[in-house]
A.B. asks: 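My questions will all concern the structure given below.
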Amino acid sequence: MIKIGYQGIEGSNAEQAARDLVKKLSLQDVEFVPLVDSTRVIKSMKTGEVDYGVCAVYNSVAGMVLETFFATNGVELFIKGETTMNIHHCLFKKAPDIPNESLKFVASHVLAIKQCENHIRYSYPNLKAIEVEDTGKAAKDLSDGTLTDEYAVLCRKNAGEMFNLCLIDENIEDYTENRTHFCLFQLKESNSNAK
């Protein structure tokens, strides 16, 4: 079985990118391993926990994904596949009976916040941005009570739905051509043993 670690958790953009790359490369017998951030992806490749890693490398609005840049710096990697996805962000709250006026924070990955900052500033000026490791994790944390009812989260629509959150607003990225480039990495020394 091929194990593919990805940046984020279930419902994240990187999970979708990993699934797209598996299909594009016609890989069979695959297990997807959520690893939350790029550092854990690279570490898990080094320890052999996963065979490949999927990380975001560049966003058309926010630029280079620094998290991945620092995690991969000095690591010899082979790029087995690449994909670019349109990225759409939705704003969710925990439940429909929570008034929007009572929301004080919006939690998400730093890049998601950057990609929606103008929309949030003008449409939801009362929300203070709080960075978390992953968009999917923000949705999970709101659902399970790790984040209080004063929080809204930015995530993919499927993530908010997966965690039974209440949709406030959708496709709130500042630019309609918001795209992120993802790479499927393999350590160079293990490339000769490619599956």
A.B. asks: Look at the side-chain heavy atoms of Ile, Leu, Val, Met, Phe, Trp and Tyr, link any pair under 4.5 Å apart, and say whether Phe182 and Ile4 land in one connected group.
C.D. replies: yes
A.B. asks: Is it possible for you to say whether Leu77 and Leu35 belong to one hydrophobic cluster, with membership spreading through side-chain heavy-atom contacts below 4.5 Å?
C.D. replies: yes
A.B. asks: Test of understanding: clusters of I, L, V, M, F, W, Y form through side-chain heavy atoms closer than 4.5 Å, transitively. Do Leu142 and Ile120 belong to the same one?
C.D. replies: no
A.B. asks: Does the Thr72 side chain pair with the main chain of Val75, one donor and one acceptor, at a distance under 3.5 Å?
C.D. replies: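 Checked: no pair found.
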A.B. asks: In the structure I gave you, are the side-chain heavy atoms of Val132 and Lys137 within less than 4.5 Å of one another anywhere?
C.D. replies: no
A.B. asks: For the CG atom of Leu187 and the OH atom of Tyr52, what is their distance to the nearest 0.5 Å?
C.D. replies: 11.0 Å
A.B. asks: Checking side-chain polar atoms at under 3.5 Å, does His88 have a donor or acceptor matched by the opposite partner on Glu170?
C.D. replies: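 Judged by distance alone, the side chains do not pair up.
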A.B. asks: Would you say His119 and Asp169 are linked by a side-chain donor-acceptor pair, where the criterion is simply a distance under 3.5 Å?
C.D. replies: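 Judged by distance alone, the side chains do pair up.
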A.B. asks: How about Glu49 and Lys3: do any of their side-chain heavy atoms sit closer than 4.5 Å?
C.D. replies: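 A side-chain contact under 4.5 Å is absent here.
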A.B. asks: Flag the pair Ile113 / Glu131 as yes when at least one side-chain heavy-atom distance between them is below 4.5 Å, and no otherwise.
C.D. replies: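 Sidechains of Glu131 and Ile113: in contact.
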A.B. asks: Determine whether Asp174 and Val61 make a side-chain contact, defined as any pair of heavy atoms from C-beta on separated by less than 4.5 Å.
C.D. replies: no
A.B. asks: Using a cut-off of 6.0 Å, state whether more than 12 heavy atoms not belonging to Glu117 lie near its atom CD.
C.D. replies: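 Yes, CD of Glu117 has more than 12 neighbouring heavy atoms, counting only those of other groups under 6.0 Å.
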A.B. asks: Are the side chains of Met85 and Asn13 in contact, using a 4.5 Å heavy-atom criterion?
C.D. replies: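 Result yes, sub-4.5 Å side-chain heavy-atom pair found.
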A.B. asks: How about NZ on Lys94, more than 12 heavy atoms from neighbouring residues, nucleotides or ligands closer than 6.0 Å, or not?
C.D. replies: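 Enclosed.
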A.B. asks: Measure from the side-chain N and O atoms of Ser143 to the backbone N and O of Phe163, and report whether any donor-acceptor pair falls under 3.5 Å.
C.D. replies: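 It does hold such a pair.
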A.B. asks: Find out if a path of hydrophobic residues (ILVMFWY) with successive side-chain heavy-atom gaps under 4.5 Å connects Ile172 to Tyr175.
C.D. replies: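 Different clusters: Ile172 never reaches Tyr175 through Ile, Leu, Val, Met, Phe, Trp or Tyr contacts under 4.5 Å.
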A.B. asks: So Gln7 and Glu15, side-chain hydrogen bond (donor to acceptor under 3.5 Å, both in side chains) or not? Walk me through it.
C.D. replies: CA-CA 7 Å; Gln7 171 191 24; Glu15 182 204 21; over 6 Å; no
A.B. asks: So how far is it from Asn178 CG to Asn171 CG, rounded to the nearest 0.5 Å?
C.D. replies: 10.5 Å
A.B. asks: Would you name the heavy atoms of Met45 and Phe185 that are closest together and state the gap between them?
C.D. replies: CE-O, 3.4 Å
A.B. asks: Find the distance between CG (Asp134) and CD (Glu67) and round it off to the nearest 0.5 Å.
C.D. replies: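 Answer rounded to 0.5 Å: 8.5 Å.
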A.B. asks: Over all heavy atoms of both residues, which pair between Ser108 and Ala138 is shortest? Give the atoms and the distance, please.
C.D. replies: CA-CB, 4.2 Å
A.B. asks: When rounded to the nearest 0.5 angstrom, what distance separates SG in Cys90 from CG in Leu165?
C.D. replies: 11.0 Å
A.B. asks: Please name the pair of heavy atoms, one in Val50 and one in Val41, separated by the smallest distance, quoted to 0.1 Å.
C.D. replies: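 Residues Val50 and Val41, closest heavy atoms: CG2-O, 4.4 Å.
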A.B. asks: Taking the side chain as every heavy atom from C-beta outward, state whether Glu150 and Phe105 have any pair of such atoms under 4.5 Å apart.
C.D. replies: yes
A.B. asks: Check whether any side-chain heavy atom of Ser44 lies under 4.5 Å from a side-chain heavy atom of Val33, and answer yes or no.
C.D. replies: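 Side-chain contact under 4.5 Å: no.
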A.B. asks: Please check: side-chain N/O of Lys93 versus main-chain N/O of Ile98, any donor-acceptor pairing under 3.5 Å?
C.D. replies: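 Yes, because the side chain of Lys93 sits within donor-acceptor range (under 3.5 Å) of the backbone of Ile98.
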A.B. asks: Return the set of residues passing salt bridge (charged side-chain N to carboxylate O under 4.0 Å, His left out) with Asp20 (not counting sequence neighbours), or none when no residue passes.
C.D. replies: none
A.B. asks: Under 3.5 Å, is there a donor-acceptor pair between the Thr135 and His109 side chains?
C.D. replies: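 Looking only at side-chain atoms, His109 and Thr135 do not form any donor-acceptor pair under 3.5 Å.
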A.B. asks: On a heavy-atom basis, which atom in Pro34 and which in Ile9 lie closest, and how many Å separate them?
C.D. replies: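 Distance-wise, the nearest heavy atoms are CB-CA, 3.7 Å.
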A.B. asks: Would you give the length of the straight line joining atom CD of Gln186 to atom CZ of Phe78, rounded to the nearest 0.5 angstrom?
C.D. replies: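 So the gap between those two atoms works out to 7.0 Å.
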A.B. asks: Between Val22 and Phe32, is a side-chain contact (heavy atoms from CB on, under 4.5 Å) present by the stated rule, with each step listed?
C.D. replies: CA-CA 10 Å; Val22 163; Phe32 296 98; 3.7 Å; yes
A.B. asks: Hydrophobic cluster membership, with links at side-chain heavy-atom distances under 4.5 Å among I/L/V/M/F/W/Y: are Phe92 and Ile87 in one?
C.D. replies: no
A.B. asks: Please list, chain by chain and in numerical order, all residues satisfying salt bridge (charged side-chain N to carboxylate O under 4.0 Å, His left out) with Arg40, sequence neighbours excluded.
C.D. replies: Asp37, Glu133
A.B. asks: Is it true that Tyr124 and Asn100 share a donor-acceptor pair across their side chains at a distance under 3.5 Å?
C.D. replies: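 Per modelled atom types, Asn100 and Tyr124 side chains form no pair under 3.5 Å.
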A.B. asks: Where the side chain of Lys24 meets the backbone of Glu82, is there a donor-acceptor pair that is under 3.5 Å apart?
C.D. replies: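 It does hold such a pair.
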A.B. asks: Output all residues satisfying side chain to side chain contact (heavy atoms under 4.5 Å, CB included) with Pro99, sequence neighbours left out; order by chain, then residue number.
C.D. replies: Glu101, Ser102
A.B. asks: Specify the closest pair of heavy atoms between Leu21 and Gly81, including all atoms of both residues, with the distance to one decimal.
C.D. replies: CD2-C, 3.7 Å
A.B. asks: I'd like to know if the side chain of Glu173 reaches the main chain of His89, judged simply by a donor and an acceptor atom lying under 3.5 Å from each other, with no hydrogens or angles considered.
C.D. replies: yes
A.B. asks: Could you give the distance from OG1 (Thr83) to CD (Gln16), rounded to the nearest 0.5 Å?
C.D. replies: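 It is 9.0 Å, given to the nearest 0.5 Å.
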A.B. asks: Please evaluate residues Asp29 and Ile2 with respect to the criterion side-chain contact (heavy atoms from CB on, under 4.5 Å), reporting the C-alpha separation (whole Å), side-chain torsions for both, the decisive distance (0.1 Å), and the verdict.
C.D. replies: CA-CA 6 Å; Asp29 196 23; Ile2 301 171; 5.9 Å; no
A.B. asks: Have Arg179 and Asn59 got a donor and an acceptor in their side chains that come within less than 3.5 Å?
C.D. replies: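 Result is no, nothing qualifies.
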A.B. asks: Does the side chain of Asn126 pick up a donor-acceptor pair with the side chain of Lys104 at under 3.5 Å?
C.D. replies: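 No - no donor-acceptor pair under 3.5 Å links their side chains.
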A.B. asks: Minimum heavy-atom separation for Gly160 and Cys155, please, with both atom names.
C.D. replies: N-SG, 3.7 Å
A.B. asks: Counting C-beta onward and ignoring hydrogens, is there a side-chain heavy-atom pair between Thr180 and Leu111 closer than 4.5 Å?
C.D. replies: no
